[in-house]
Amino acid sequence: MESLNASEQRELASRMERRQMKEFMTMYSKLVQRCFDDCVNDFTTKSLINREEGCVLRCVDKFMKGSARLNERFQEQNQAMMMQGQQR
């Protein structure tokens, strides 16, 4: 990135921000779709019934904890690979 001029650096940063936003929106959409499909099944009222609301809260919590754990493992693996590369 040091070899890029200021304009190219801004363009690269802008593209990276757009990509991160797209990835976030994709993850969010998958979360919403999954939790809705798994938890919501009573369409006789406008709002969620207690059972559905509890299910959605558990679903979101589990998804977020799973994502956080995957991120931790990815970072651990990345760090281990970097350490192996330095030892060679």
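Keep in mind that the numbers below use all heavy atoms, side chains included, and drop hydrogens, waters and symmetry copies.
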Applying the 4.5 Å side-chain criterion to the ILVMFWY set and letting contacts propagate, would Leu57 and Val60 be lumped into a single cluster? no
Common cluster, Leu48/Phe36, ILVMFWY with side-chain heavy-atom separation under 4.5 Å: yes
Taking atom CD of Glu8 and atom CD of Glu11, what is their separation to the nearest 0.5 Å? 9.5 Å
Option from Met25, Glu23, Glu17, Arg18 for which side-chain contact (heavy atoms from CB on, under 4.5 Å) with Met21 holds: Met25
For the cysteine pair Cys55 and Cys39, state whether the SG atoms are less than 2.5 angstrom apart. yes
Any side-chain heavy-atom pair of Asn71 and Ser67 under 4.5 Å: no
Find out whether Glu53 and Val40 are in side-chain contact, i.e. whether some heavy atom of one side chain is under 4.5 Å from a heavy atom of the other. no
Compare every heavy atom of Leu4 with every heavy atom of Leu12, then report the nearest pair and how far apart it is. CD2-CD1, 3.8 Å
Using only atom types and a distance under 3.5 Å, with no angle test, would you say the side chain of Glu52 pairs donor to acceptor with the backbone of Ile49? yes
For Arg15, is the CZ atom crowded, meaning more than 12 foreign heavy atoms sit under 6.0 Å from it? no
Taking the side chain as every heavy atom from C-beta outward, state whether Asn78 and Gln75 have any pair of such atoms under 4.5 Å apart. no
Decide side chain to side chain donor-acceptor pair (under 3.5 Å) for Gln9 and Asn5; before the verdict, give the C-alpha distance in whole Å, the side-chain angles of both, and the deciding distance to 0.1 Å. CA-CA 6 Å; Gln9 288 179 1; Asn5 65 39; over 6 Å; no
Quick check: does any side chain N or O of Ser14 sit under 3.5 Å from a backbone N or O of Arg10, one acting as donor and the other as acceptor? no
Sequence neighbours excluded, every pair satisfying salt bridge (Lys or Arg N to Asp or Glu O under 4.0 Å) that has a member inside residues 54-69: Asp61-Lys65, Arg69-Glu72, Arg69-Glu76
Are there more than 12 heavy atoms of other residues, nucleotides or ligands under 6.0 Å from atom CE of Met64? no
